[in-house]
Amino acid sequence: MADPKGFLTTPREEWPRRPVGERVRDWDEVYVPGALLPVVSRQADRCMDCGVPFCHQACPLGNLIPEWNDLVSREDWRAAAERLHATNNFPEFTGRLCPAPCEAGCVLAINQPAVTIKNVECAIADRAWEEGFAPPAPPERLSGRTVAVIGSGPTGLAAAQQLTRAGHTVAVYERDDRIGGLMRYGIPEFKMEKRHLERRIEQMRAEGTKFRTSTTVGRDVDAAELRSRYDAVVIATGATAWRELAVPGRELAGIHQAMEYLPLANRVCEGDLESSPLSAAGRDVVIVGGGDTGADCLGTAVREGAASVTQLDIYGRAGDERDDEAEPWPTYPKLYRMSAAHEEARELRMRPAADAGGDGDVRLFAASTLRFSGDGEGRVCALRLVEVDAERRAVAGTERTLAADLVLLALGFSGPDPEDGLVAQLGVELEGRGTVARDGGFGTNVRGVFAAGDAARGQSLIVWAIAEGRAVAAAVDRYLAGGVSRLPVPIGPGDRPMRV
């Protein structure tokens, strides 16, 4: 504990964002470049080095948070990087994309603003790359065993890196033309620039991991044949089956899933397209869904020059402070949060003129979609909604219509896409909710086939995805090595976030 009074004398200070008017004109990350390091050491001083650090329990990776906070406060960046990478393969990803359940579990958060754990983590990761503290770590010897990892999202990449470093020969199969899964084509550039992803991929290549892009297992390659070629297979495809909105008018043109919309914008940033064929430029956009994916659509639509944007959230507006009875510390509370995208839309007054009152937030809470209306030529032109109560029952007299010539559905995902052929060809069993069934060791009903990440757990956070990848790697290593593995096991298949 570098400064025993740090949490008393130093207020919480976060990585500042660039001015809205500047950042919406480009696709760069929203934060002020270089502004994190000057504040992060003081913020690390706020860590109390608790005897029982609940931030460990709140983080499925078991990150050694008090240890690297102390090292950062002393500016020992090399040691901090070593402690951080001991539990997390990709801290620059989680430092930018994770909602930080560790901060909700910070003991200081009982009655004060939590330690800025996420910012400290990001600073360590960035400094490690700048100073060369994250070199490739190839294995000293090869085991002679081979593993196919299907999917290159955070789970697949974490599993592949752990297994490669353990000495196995690993090939990652990705259906898209570039590695990264949702981090590549689902996460907008303004949340995480893809250069962070590229350098990890190059690190993994240098360690010996092989990558096979533009290959959909189940279509381009028979899954059963793939299983026969490898000693083990890991299903890490993610939950790609998106949820639908079965209301009248859904068939109208101009209504798209978020994961039809976001990849096109990312391909523009990659240089594949000059402009997106689904661009929101000049259009009245309605986003159905109040989660992070909806916010990603919002920030993208703002940058594309939408005429107006409205985001519908079926849940009521959360409170500004934790409800200590319903969601006591150290659980992750449902709070009214203002993401960078929401901040941009509010400041730029993106809410339709008819709804311009209130605080300018483009979100409509406790709102449910009833139907879509067309313009007579088969294109959507309006959305009819109604307010709902806590049980999602319609409130009489609250129906209204929003102009909408681009509707984006951000309703989440249920499990692997059954149309890929992967599940049927391998013969793996599914749970009732559509996810891959597995035992206590991450194994499926097919010997040598394992499942991890959203494909088996269901839609979750990136920090859980990486933890799943590390844990399934240990399970595969045990299987290949006859029951013994030195790889860490941060979570089990049945572990879940802390809840009341």
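Using a 3.5 Å distance cut-off with no hydrogens or angles, the side chains of Arg470 and Asn89 do pair a donor with an acceptor. Between the side chains of Asp220 and Thr215, no donor N or O sits under 3.5 Å from an acceptor N or O. In this model, no donor atom of one side chain and acceptor atom of the other lie less than 3.5 Å apart for Asp417 and Thr240. Using modelled atom types and a 3.5 Å distance limit, the side chains of Tyr315 and Arg392 yield a donor-acceptor pair. No hydrogens or angles considered: nothing links the side chains of Glu225 and Gln425 as a donor-acceptor pair under 3.5 Å. Glu174 and Ser152 share a donor-acceptor pair across their side chains, judged by distance under 3.5 Å alone. Side-chain contact, Thr401 with Arg384: a donor N or O sits under 3.5 Å from an acceptor N or O. Donor-acceptor pairing under 3.5 Å is recorded for the side chains of Glu121 and Asn88. A donor-acceptor contact closer than 3.5 angstrom links the side chains of Glu29 and His196.
Of the charged side-chain nitrogens involved, at least one lies within less than 4.0 Å of a carboxylate oxygen, so that Arg205 and Glu202 count as a salt-bridged pair. Under a 4.0 Å N-O distance rule, the pair Glu92/Arg200 qualifies as a salt bridge. Ion pairing between a basic and an acidic side chain is recognised when a charged N comes within 4.0 Å of a carboxylate O; Glu431 and Arg433 show no such pairing. Under 4.0 Å is where a charged nitrogen must lie from a carboxylate oxygen, and between Lys191 and Glu189 no such pair does. Using a 4.0 Å cut-off between a side-chain N of Lys or Arg and a carboxylate O of Asp or Glu, Asp420 and Arg219 qualify as a salt bridge. Classification of Arg379 and Asp375 as a salt-bridged pair fails, no side-chain N sitting under 4.0 Å from a carboxylate O. The pair Arg178-Glu270 counts as a salt bridge, with a side-chain nitrogen and a carboxylate oxygen less than 4.0 angstrom apart.
A heavy-atom distance below 4.5 Å is not found between the side chains of Gln161 and Thr209. With a 4.5 Å cut-off on side-chain heavy atoms, Ile255 and Arg250 count as touching. At least one side-chain heavy atom of Arg18 sits under 4.5 Å from a side-chain heavy atom of Asp26. A 4.5 Å side-chain heavy-atom check between Glu260 and Trp242 finds at least one atom pair inside the cut-off. Within the 4.5 Å cutoff, no side-chain heavy atoms of Val234 are placed close to those of Ile150. Using a 4.5 Å heavy-atom threshold, the side chains of Val436 and Pro416 count as touching. Side chains of Leu278 and His256 form a contact here, defined as non-hydrogen atoms less than 4.5 Å apart. With a 4.5 Å cut-off on side-chain heavy atoms, Val147 and Tyr230 do not count as touching.
Note that Arg303 lies in the cation-pi zone of Phe190, set by a 6.0 Å cut-off to the ring centre and a 45° limit from the axis. Figure legend: Arg267 and Tyr185 shown as a cation-pi pair, the cationic atom lying under 6.0 angstrom from the six-membered ring centre and within 45 degrees of its axis. Both cation-pi conditions hold for Arg317 and Tyr336: the charged atom is under 6.0 angstrom from the six-membered ring centre and inside a 45 degree cone around its axis.
Of the possible polar contacts, none joining the Asn119 side chain to the Thr116 backbone as a donor-acceptor pair under 3.5 Å is found. A donor-acceptor pair under 3.5 Å links the side-chain atoms of Arg25 to the main chain of Gly21, judged by distance alone. For Asn445 (side chain) and Glu429 (main-chain N/O), a donor-acceptor pair under 3.5 Å exists by modelled atom type. Within the 3.5 Å criterion, the main-chain N or O of Asn266 finds no donor-acceptor partner in the side chain of Arg184. A donor-acceptor contact shorter than 3.5 Å is absent between the side chain of Arg363 and the backbone of Gln311. Side-chain N or O atoms of Trp464 include none that pairs as donor or acceptor with a backbone N or O of Pro497 at under 3.5 Å. Counting only distance, with no hydrogens or angles, the side chain of Ser279 and the backbone of Ala281 share a donor-acceptor pair below 3.5 Å. Panel note: side chain Thr300, backbone Asp296; a donor-acceptor pair is recorded below 3.5 Å. At distances below 3.5 Å, at least one donor-acceptor pair connects side-chain atoms of Arg322 with backbone N or O atoms of Glu327. A donor-acceptor pair under 3.5 Å is absent between the side-chain atoms of Thr444 and the main chain of Phe450, judged by distance alone.
Minimum heavy-atom separation, Val472 to Ala159: CG1-CB, 3.8 Å. The minimum heavy-atom distance linking Ser275 with Val268 is given by the pair C-CG2, 3.7 Å. Closest approach of Ala158 and Phe90 over heavy atoms only: N-CE1, 3.5 Å. Contact record, Arg12 with Pro113: CD-CB, 3.7 Å, taken as the closest heavy-atom pair. When every heavy atom of Ala134 is checked against every heavy atom of Trp129, the shortest pair comes out as O-CZ3, 4.0 Å. Across all their heavy atoms, Val285 and Ala280 have their closest contact at CG2-CB, 3.7 Å.
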Would you check, one step at a time, whether the test salt bridge (charged side-chain N to carboxylate O under 4.0 Å, His left out) holds for Asp126 with Arg199?
CA-CA 11 Å; Asp126 289 352; Arg199 61 191 181 190; 3.7 Å; yes
Should Asp177 and Thr213 be marked as a side chain to side chain donor-acceptor pair (under 3.5 Å) after you check the CA-CA gap, both sets of side-chain angles, and the distance that decides it?
CA-CA 5 Å; Asp177 59 340; Thr213 56; over 6 Å; no
Working note: Glu347 + Arg17, criterion salt bridge (charged side-chain N to carboxylate O under 4.0 Å, His left out); need CA distance, chi angles, decisive distance, verdict.
CA-CA 14 Å; Glu347 186 168 323; Arg17 295 168 179 166; over 6 Å; no
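Heavy-atom neighbours of Glu251 CD from other residues, nucleotides or ligands within 6.0 Å: above the threshold of 12. Few gaps surround CD on Gln459; more than 12 heavy atoms of other groups in view lie less than 6.0 Å from it. When the shell of 6.0 Å around CZ of Arg195 is examined, it contains more than 12 heavy atoms from other residues, nucleotides or ligands. Around the NZ atom of Lys210, the shell of radius 6.0 Å holds no more than 12 heavy atoms that belong to other residues, nucleotides or ligands. Other residues, nucleotides and ligands place no more than 12 heavy atoms under 6.0 Å from the CD atom of Glu419. Counted within 6.0 Å of CG on Asp176, heavy atoms from surrounding residues, nucleotides or ligands total more than 12; the atom is thus considered enclosed.
Of the candidates Leu364, Leu370, Thr398, Leu364 is the only one forming a side chain to side chain contact (heavy atoms under 4.5 Å, CB included) with Leu385.
Within the model, atoms OG of Ser339 and CD of Glu344 stand 7.5 Å from one another, a figure rounded to the nearest 0.5 Å. One distance of note links CG of Leu197 with CD1 of Ile179; it measures 8.5 Å at 0.5 Å rounding. Atoms CD1 and NZ, on Ile65 and Lys118 in that order, are 13.0 Å from each other to the nearest 0.5 Å. If you take SG on Cys98 and CD on Glu103, they are separated by 9.0 Å, rounding to the nearest 0.5 Å. Taking CG from Leu402 and CG from Asp284, the interatomic distance works out to 9.5 Å, rounded to the nearest 0.5 Å. Rounded to the nearest 0.5 angstrom, Leu411 CG and Arg243 CZ are separated by 8.5 Å.
Using bins of under 30°, 30° to 60° and over 60° for the plane-to-plane angle, the ring pair Trp15/Tyr31 lands in the parallel bin.
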